[in-house]
Amino acid sequence: MTTRQRPAQTLNRRTFLRTASAAFAATGTRTIFGGAPAIIGSDAARPSTTFGATAGDVDVDRAIIWSRTDRPSRLVVEYSTTESFVQTHRIVGPAALEATDFTARIDLTSLPANQRIFYRVLFQSLSDLSVWSEPTIGSFTTAARSIQTARDVTIAWTADTVGQGWGINPEMGGMRLYQAMHEVGADVFIHAGDTIYADAPLAAEMKLDDGQLWRNVVTPEKSKVAETLDEFRGNHRYNFLDEHVRRFNASISQFVIWDDHEVLNNWYPTEILGPDMPHTEHSVALLAARAKRAFQEYTPMRFEPADPERIYRATRFGPLVEIFGFDMRSYRGPNSTNRQTVLSDQSAILGSSQLAWLKRRLLASTATWKIIASDMPLSLTVVDGPLFEAVANGDHGAPLGRELEIASLLRFLRDQRIRNVVFVTGDVHYCAAHHYDPSRASFTDFHPFWEFVAGPAHAGTFGPAALDRTFGPEVKFIGIPPGMKQNRPPSDGFQFFGTLSASANTRALTVRLRNLEGKELYKIELPAERT
């Protein structure tokens, strides 16, 4: 297939997973690796691939392939442009060792553009080189190189997984929202943060309002707040126990950022925990360092060579879409009354280096749509006791505190005539659509834009939160009923995700908010503006 041909859109991914596994079994590994693995009498002797595999940070010709095993092994990835794997490319990757909790990744390069890529992951035992894992199979799509070859692009997003004590309950179908997202068949998935709840231990049972019991799968690491590196890792491992998560991961490329619950509710870097907390380690800086290590080990993200701990980044998914990911945790000042009058370390939420990078990258972007994945909403008032946790401070007036950085960004977008910027976010555990307009705002130096909220993916449902009017937001849609009881379980159905579909024909962006069943709750088509 040449780059001018469009990849098939009718691929049944469940069929692909079955046929690709069968093809691998039929061809054996002799022609692939130059020698067949030993005949293993017990699966226990093989390296495990039960965690599946996934792709991440995909663009025109690159992709990260991630997987995990259970013992010292070498990661090997084969990929093909056909699901039959008739012709393959083999990449021998790094060893998966104890230092990374047996996770490993390969950065595939020189991939064909605008193409469905099929891959299979194997691990070769380092104790016995003749012993191989079973293959685990996945696929993803690379972006088009030019507008002439562009096709429609769909992005799904959500946030908030395994929160408020709602874990994997096989009796109620597990993490069903991931199956709904799988059936949509998007090209890219943005997880907008709270990928785990390291501070939310799971009980074996929780009583529902109707008297039924919610029964969680519980692991040792999910039985207490995470403090050690292995406890943070165990929170990530937990999510892979769900079959819907593994199936979804294998069908898509991911772009993942973090928020607070990867470490601790409402954390900031200089925080010291008080004696009332259930932690024995009170330095949040140390907890966050361990949590970031685990997050990066378990996320299919591409590391920045000059700053390997950096989470904020961008990826250009062809001429229609570029995705920019915030990190509103690593560089923020303390939670406060959020009324500072000047930008400083105390009023920061992005930090000066991240904000400068974002402006440069947005200015250089030639993509029609610039999608900013923000781990927190811009104008919903999120409190931390008497203090403020997110951007907004609730006073509706001129920008103060953390609002100052957002005002600087919005003014920059207006002055540089950077159009077609859309924010997607989570954090607040319900779905909503917000339109921002200077005609309604206290701060008016910006061009109108949209922010869309989705989640939870599998956590308690809350809301709604109050809007701060500094940037002129207006609620256009909200996906929960008035007066809803807080912390509704996933079984109540109020779990949400969104999709963004960019048209290669019209350049318009169609936004949909969807529920646990994938049903469309809200839809709007945004025409592309000329800069």
Can you list every side-chain hydrogen bond (donor to acceptor under 3.5 Å, both in side chains) pair that touches residues 271-284, not counting sequence neighbours?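 For residues 271-284, and leaving out neighbouring residues, the side-chain hydrogen bond (donor to acceptor under 3.5 Å, both in side chains) pairs sorted by first residue read Glu227-Thr280.
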
Charged N to carboxylate O below 4.0 Å: is that the case for [X] and [Y]?
X: Asp230; Y: Arg237; result: yes
X: Lys485; Y: Asp492; result: no
X: Arg62; Y: Asp57; result: no
X: Arg512; Y: Glu520; result: yes

Indicate the atoms forming the closest heavy-atom contact of [X] with [Y], along with that distance.
X: Gly472; Y: Ala441; result: N-CB, 3.4 Å
X: Trp214; Y: Asn216; result: NE1-OD1, 2.7 Å
X: Ala294; Y: Phe232; result: CB-CB, 3.7 Å
X: Trp157; Y: Ala454; result: NE1-CB, 3.4 Å
X: Gly518; Y: Ala180; result: N-CB, 3.8 Å
X: Asp199; Y: Leu264; result: OD2-C, 3.9 Å

Distance-only polar pair, side chains of [X] and [Y], donor-acceptor under 3.5 Å:
X: Trp267; Y: Asn265; answer: no
X: Asp437; Y: Ser439; answer: yes
X: Gln254; Y: Asn249; answer: yes
X: Glu451; Y: Thr425; answer: no
X: Tyr298; Y: Arg68; answer: yes
X: Trp258; Y: Asp194; answer: no
X: His458; Y: Thr161; answer: no

Quick one: do Val422 and Lys370 satisfy side chain to side chain contact (heavy atoms under 4.5 Å, CB included)? Show the steps, please. CA-CA 6 Å; Val422 170; Lys370 294 86 175 170; over 6 Å; no

Any side-chain to backbone donor/acceptor pair from [X] onto [Y]? Under 3.5 Å, distance only.
X: Arg402; Y: Phe388; result: yes
X: Asp468; Y: Ala392; result: no
X: Gln179; Y: Arg176; result: no
X: Asp445; Y: Arg411; result: no
X: Arg290; Y: Ala288; result: no
X: Asp375; Y: Ala192; result: no
X: Arg419; Y: Trp369; result: no
X: Tyr238; Y: Ile168; result: yes
X: Gln346; Y: Gln340; result: no
X: Ser67; Y: Gly52; result: yes

According to the interplanar angle, ranging from 0 to 90°, do the rings of Phe446 and Phe443 count as parallel (below 30°), tilted (30 to 60°) or perpendicular (above 60°)?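 Rings of Phe446 and Phe443: parallel, under 30°.
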
4.5 Å side-chain heavy-atom contact, Arg105 and Ile65: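 No; the side chains remain at least 4.5 Å from each other.
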
Are Ile155 and Ile190 close enough that some pair of their side-chain heavy atoms sits under 4.5 Å apart?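 The answer is yes; the side chains approach within 4.5 Å.
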
Going by the side chain to side chain contact (heavy atoms under 4.5 Å, CB included) test, name the single residue among Val153, Leu509, Asn420 that passes it with Thr368.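 Of all the options given, the one that passes is Asn420.
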
Take Lys292 and Glu309 through the test side chain to side chain contact (heavy atoms under 4.5 Å, CB included) and record every step on the way to the result. CA-CA 8 Å; Lys292 182 176 284 189; Glu309 291 192 0; 4.0 Å; yes

Within 45° of the ring axis of Phe494 and under 6.0 Å from its six-membered ring centre, is that where the NZ or CZ of Arg488 lies?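 Ring-cation test returns no.
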
Face-on cation placement of Arg313 at Phe324 ring, 6.0 Å and 45° thresholds: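 No - Arg313 does not lie over the ring of Phe324 by the 6.0 Å and 45° rule.
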
Positive for ring pair (Phe, Tyr, Trp, His ring centres under 6.0 Å) with Phe189, one of Phe317, Phe140, Phe248, Phe255: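 When Phe317, Phe140, Phe248, Phe255 are each tested with Phe189, the ring pair (Phe, Tyr, Trp, His ring centres under 6.0 Å) holds only for Phe248.
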
Scan Asp187, Thr154, Thr510 and name whichever one has a side-chain hydrogen bond (donor to acceptor under 3.5 Å, both in side chains) with Ser501.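 The side-chain hydrogen bond (donor to acceptor under 3.5 Å, both in side chains) with Ser501 is passed solely by Thr154 among Asp187, Thr154, Thr510.
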
Could you list all the ring pair (Phe, Tyr, Trp, His ring centres under 6.0 Å) pairs where at least one residue sits in residues 391-429, not counting sequence neighbours?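 For residues 391-429: Phe423-Phe449, His429-Phe462.
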
Determine, stepwise, if the pair Asn335 / Asn266 fulfils side chain to side chain contact (heavy atoms under 4.5 Å, CB included). CA-CA 8 Å; Asn335 292 346; Asn266 296 350; 4.0 Å; yes

Between Lys476 and Glu474, is a salt bridge (Lys or Arg N to Asp or Glu O under 4.0 Å) present by the stated rule, with each step listed? CA-CA 6 Å; Lys476 296 295 188 180; Glu474 180 181 9; 3.2 Å; yes

Side-chain donor-acceptor contacts of residues 354-367 below 3.5 Å, not counting sequence neighbours, with atom names and distances?
| unit_1 | atom_1 | unit_2 | atom_2 | d |
| --- | --- | --- | --- | --- |
| Gln354 | OE1 | Asp327 | N | 2.8 |
| Gln354 | NE2 | Asp327 | O | 2.9 |
| Gln354 | NE2 | Leu350 | O | 2.8 |
| Lys359 | NZ | Ser408 | OG | 2.6 |
| Arg361 | NE | Glu322 | OE2 | 2.8 |
| Arg361 | NH2 | Glu322 | OE2 | 3.0 |
| Ser365 | OG | Glu322 | OE1 | 2.7 |
| Ser365 | OG | Ala367 | N | 3.3 |
| Thr366 | OG1 | Arg316 | NH2 | 3.2 |

Which residues pass the side-chain contact (heavy atoms from CB on, under 4.5 Å) test with Arg293, sequence neighbours left out?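 Arg293 satisfies side-chain contact (heavy atoms from CB on, under 4.5 Å) with Leu229, Glu297 once adjacent residues are dropped.
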
To the nearest 0.5 Å, what is the distance between [atom1] ([X]) and [atom2] ([Y])?
X: Met376; Y: Asp427; atom1: CE; atom2: CG; answer: 4.0 Å
X: Ser379; Y: Leu467; atom1: OG; atom2: CG; answer: 6.5 Å
X: Ser336; Y: Tyr268; atom1: OG; atom2: OH; answer: 9.0 Å
X: Ile196; Y: Arg233; atom1: CD1; atom2: CZ; answer: 12.5 Å

More than 12 non-hydrogen atoms from neighbouring residues, nucleotides or ligands closer than 6.0 Å to CZ on Arg469, yes or no?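 Atom CZ in Arg469 is not crowded, with 12 or fewer foreign heavy atoms closer than 6.0 Å.
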
For Asp345, I'd like to know if atom CG has over 12 heavy atoms of other residues, nucleotides or ligands within 6.0 Å.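 Not buried by this count: 12 neighbours or fewer within 6.0 Å.
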
Run the salt bridge (Lys or Arg N to Asp or Glu O under 4.0 Å) test against Glu231 and tell me which residues pass, sequence neighbours left out.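 For Glu231, the residues satisfying salt bridge (Lys or Arg N to Asp or Glu O under 4.0 Å) (neighbours in sequence not counted) are Lys224.
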
What pairs with Thr299 under side chain to side chain donor-acceptor pair (under 3.5 Å), at least two apart in sequence or on another chain?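 Residues passing side chain to side chain donor-acceptor pair (under 3.5 Å) with Thr299: none at all.
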
